[in-house]
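What follows is a single structure, written as structure tokens, with notes after it.
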Amino acid sequence: GAPGGPGSGQWPPSGPPPQQQGPWQQPPPGGYGGPGYGGYDQGPRAWPKAGWFVRLGALIIDVLIISLMLVPAWVYLVTGPTEISSCSVDEEGTIQFGEPDNALCEGPTGATWAISIALGVAAFAGSIAYWALLDGKRGQSLGKRALNIKVVDINSGLPIGAGRGVGRFFARYLSGLLCGLGYLWALWDGQHQAWHDKLVNSVVVPA
């Protein structure tokens, strides 16, 4: 080799060290940046995915939190103004519908029903905002934050944004069809995606 080079017999050699090859080479400045580095896809598609039961636990927490938004509607329906009207009651005292009236019943007034429904609609709008702002813009609902997982774009690894967060919320209804088959789909899917993940191109990963 050249004098002072790796094969010259001189120690320490003066030439540059040999370059490492293969998947165990040192990462570039800033970490493993791009897909395919070192022989492996380092993009979000290759990241570890959150387990199904962890996702279920996060969903249960979120559903409980969102259910609290319906409390005002339920409380007003139960405690609001009532009125006496004719109704149909069977021998056990259960109110029947579509039968001839045979008794007088006390129930919510029309205004009570209207206000309760308005509060319910407001709660539904609040739940949409919940998923759009937390799941969509920040990548973590309160349930996901509690269990240390997050939802990201499958290609960029960034939050999916408020619009897709809303789309993911409504797509959950599709996942709930056929006895929740869309949710169960994540158990065997290669990317652990439920149907609502596939529709908005998202994945759930450890935070």
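Comment: R55 engages D197 in a salt bridge, judged by a side-chain N to carboxylate O separation of less than 4.0 angstrom.
Side chain to side chain, Y130 and D135 fail the donor-acceptor criterion of an N or O pair below 3.5 Å. A donor atom on one side chain and an acceptor atom on the other are found under 3.5 Å apart for Q193 and K198. Looking at S88 and D101, their side chains never bring a donor and an acceptor atom within 3.5 Å of each other.
Between the side chain of S116 and the main chain of T112, a donor-acceptor pair closer than 3.5 Å is present. A donor-acceptor pair under 3.5 Å links the side-chain atoms of D62 to the main chain of G143, judged by distance alone. With K49 contributing its side chain and W47 its backbone, the two residues share a donor-acceptor pair below 3.5 Å.
Under the 4.5 Å side-chain heavy-atom criterion for grouping Ile, Leu, Val, Met, Phe, Trp and Tyr, I128 is connected to W131 within one hydrophobic cluster. Tracing side-chain contacts under 4.5 Å through hydrophobic residues (I, L, V, M, F, W, Y), one reaches W188 starting from F53; they form part of the same cluster. Hydrophobic clustering (ILVMFWY, side-chain heavy atoms < 4.5 Å, transitive): L142 and F124 are in one cluster. Side-chain heavy atoms closer than 4.5 Å link hydrophobic residues (I, L, V, M, F, W, Y) into clusters, and following such links, even through other members, never connects V151 to L133. Residues I66 and F169 share a single hydrophobic cluster, defined by chaining ILVMFWY side chains whose heavy atoms lie under 4.5 Å apart.
Here the shortest heavy-atom pairing between C179 and L184 reads O-CD1, 4.3 Å. Nearest heavy-atom pair across L147 and G57 is CD1-C, 3.6 Å. Taking both residues in full, the closest heavy atoms of C105 and V89 are given as SG-CG2, 3.9 Å, listed atom of the first, atom of the second, then distance. Counting all heavy atoms, side chain and backbone alike, P159 lies closest to K137 at CB-O, 3.3 Å. Of all the heavy atoms in W52 and Y183, the pair that sits closest is NE1-O, 2.9 Å. Considering all non-hydrogen atoms of both residues, A207 and Q140 come closest at CB-NE2, 3.6 Å.
In this structure, I61 CD1 and L56 CG are separated by 10.0 Å, a value rounded to the nearest 0.5 Å. Residue W185 holds its CH2 atom at 10.5 Å from CG of L178, rounded to the nearest 0.5 Å. In this structure, CG on N102 lies 7.0 Å from SG on C87, to the nearest 0.5 angstrom. Remark: L59 CG to S141 OG distance equals 8.5 Å, nearest 0.5 Å. Between the CG atom of L181 and the CG atom of L174 there is a distance of 11.5 Å, given to the nearest 0.5 Å.
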Would you be so kind as to tabulate the donor-acceptor pairs closer than 3.5 Å made by side chains of residues 72-85, with sequence neighbours excluded?
{"residue": "T79", "atom": "OG1", "partner": "V75", "partner atom": "O", "Å": "2.7"}
{"residue": "T82", "atom": "OG1", "partner": "E106", "partner atom": "OE2", "Å": "2.7"}

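Counting only heavy atoms from C-beta outward, the side chains of V152 and I160 never approach each other to under 4.5 Å. Contact check for Y173 versus H196: no side-chain heavy atoms found under the 4.5 Å cut-off. Counting heavy atoms from C-beta outward, H192 and V204 have side chains that stay 4.5 Å or more apart.
A side chain to side chain contact (heavy atoms under 4.5 Å, CB included) with R168 is found for exactly one of V200, L199, N201, namely V200.
More than 12 heavy-atom neighbours from other residues, nucleotides or ligands sit within 6.0 angstrom of CZ on R172.
With sequence neighbours left out, F170 forms a ring-ring contact (aromatic ring centres under 6.0 Å, His included) with no residue at all.
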